[in-house]
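Written below as structure tokens is the structure these notes are about.
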Amino acid sequence: MAEVSSVKNKGSYAPPVALTADGNTAYFTKVVYVKPLYGMFSKKQPLTKIFKAERNGDQWTNVQEVAVCPKYASAMHPAISQDGKRLFFASDMPGTYGKYDIYVSDIQRDGSLGMAKNMGTKVNTRKNDLYPSVVGDNLLFFASDGREGYGGLDLYAVQVVSNNVGLAMNIGAPFNSREDEFALKVKADKGLAYVVSNRGVNSTDVQ
């Protein structure tokens, strides 16, 4: 979260690794240091990139960066659709409507990724749209501070069916509060939903 200046507790919530349904491929975010395009003597700047690893027995191997954004942009918060065919993530690459937008790439049969597609203004705003997560076949949850909500980052839900994107809706209270809500973890088999938030006595703690 260090890149998102509007959130009070920077860096305090790191989304979990995104696993494919078979558990054999993992996508995760890692900080890398890249020398700026301009300035011969400029220091390397931290950027976030998405990496992929493959399970080989009880070991994770073949760790490599997933090329979903340009060299000088960040990509983070990967989430995989239930059918394993799409990778959702947040990025500040050129063409975003705000600071960070939600994008999606098709996962090809050989494991490579198709061109990243911005999910458009039904989802993205002029500020931060982050932490995508997929529930069921086509329900996408994400956090945004670009709409008039309860305060800070609020959680939103949107239906994504094939290439059709519905209108993002604030999921309301008690899920959202005056503080920052980062993610919603749904346990459908138990009828439970967990909210990742910094609400509480100490707003710098993520709960």
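The figures that follow rest on heavy atoms only: side chains count, while hydrogens, waters and symmetry mates do not.
S197 and E181 are linked by a side-chain donor-acceptor pair at a separation below 3.5 angstrom, with hydrogens and angles left out of the test. In this structure, a donor-acceptor pair under 3.5 Å is present between the side chains of D129 and T125.
Side chains of L130 and M76 form a contact here, defined as non-hydrogen atoms less than 4.5 Å apart. For the pair S74/Y100, a side-chain contact is recorded, criterion being any heavy-atom separation below 4.5 Å from C-beta on. Between F141 and V135, the closest side-chain pair of non-hydrogen atoms falls below 4.5 Å. Put simply, the side chain of D92 does not reach to within 4.5 Å of the side chain of K99, judged on heavy atoms. Side-chain atoms of Q45 and V34, non-hydrogen and from C-beta on, never get closer than 4.5 Å to each other. At least one side-chain heavy atom of P94 sits under 4.5 Å from a side-chain heavy atom of P70. Y194 is not listed as a side-chain neighbour of L184, based on a closest heavy-atom distance of 4.5 Å or more. At least one side-chain heavy atom of P16 sits less than 4.5 Å from a side-chain heavy atom of K185.
Of all heavy-atom pairs spanning A143 and Y131, the tightest one is CB-CD1, 4.2 Å. For A53 against V63, the heavy-atom pair with the smallest separation is CB-CG2, 3.8 Å. Considering every non-hydrogen atom in both N198 and F182, the closest pair reads N-CE1, 4.0 Å. Taking every heavy atom of both residues into account, S105 and L113 meet most closely at CB-CB, 4.3 Å. Considering all non-hydrogen atoms of both residues, R55 and G23 come closest at NE-O, 2.9 Å. Heavy-atom minimum distance, P36 versus Y72: C-CE2, 4.0 Å.
Under the 4.5 Å side-chain contact rule for hydrophobic residues, I50 and V17 do not share a cluster. Residues L153 and Y150 fall into different hydrophobic clusters, defined by Ile, Leu, Val, Met, Phe, Trp and Tyr side chains chained together at heavy-atom separations under 4.5 Å. Each of L139 and V160 belongs to its own hydrophobic cluster when Ile, Leu, Val, Met, Phe, Trp and Tyr are linked at side-chain heavy-atom distances under 4.5 angstrom. In the hydrophobic clustering of this structure, F142 does not group with M93; members are Ile, Leu, Val, Met, Phe, Trp, Tyr whose side-chain heavy atoms approach within less than 4.5 Å, directly or through other members. The hydrophobic cluster containing Y97 does not contain I102, counting ILVMFWY residues as joined when their side-chain heavy atoms lie under 4.5 angstrom apart, directly or transitively.
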Intermediate values then yes/no, side-chain contact (heavy atoms from CB on, under 4.5 Å), D137 and Q82: CA-CA 6 Å; D137 295 329; Q82 186 169 299; 3.3 Å; yes
S133/H77 under side-chain contact (heavy atoms from CB on, under 4.5 Å): CA gap, chis, key distance, verdict: CA-CA 9 Å; S133 63; H77 309 162; over 6 Å; no
Stepwise side-chain contact (heavy atoms from CB on, under 4.5 Å) test for Y33 and K43: CA-CA 9 Å; Y33 289 84; K43 293 182 179 180; over 6 Å; no
Stepwise side-chain contact (heavy atoms from CB on, under 4.5 Å) test for V165 and V158: CA-CA 7 Å; V165 179; V158 63; 3.9 Å; yes
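For the atom pair OH of Y27 and CD1 of I80, the computed distance is 5.5 Å after rounding to the nearest 0.5 Å. The CG atom of N170 sits 10.5 Å away from atom CD of E148, with the distance rounded to the nearest 0.5 Å. The CD atom of E54 lies 9.5 Å from the OG1 atom of T20; values are rounded to the nearest 0.5 Å. Separating the CD1 atom in I171 from the CG atom in N176 is a distance of 5.5 Å, to the nearest 0.5 Å. Between atom CG of residue L140 and atom CZ of residue R86 there is a gap of 9.0 Å, rounded to the nearest 0.5 Å. To the nearest 0.5 angstrom, W60 atom CH2 is 9.5 Å from F28 atom CZ.
Ring orientation note: the planes of Y103 and F89 are close to parallel, at an angle under 30° on the 30°/60° scale.
Salt bridge absent: K127 and D101 never bring a charged side-chain N and a carboxylate O closer than 4.0 Å. Between E65 and K52, no side-chain nitrogen of the basic residue sits less than 4.0 Å from a carboxylate oxygen of the acidic one, so the salt-bridge criterion is not met.
Open room surrounds CZ on R126; 12 or fewer heavy atoms of other groups in view lie less than 6.0 Å from it.
Remark: the backbone N or O of N128 is paired with a side-chain donor or acceptor of D145 at under 3.5 angstrom.
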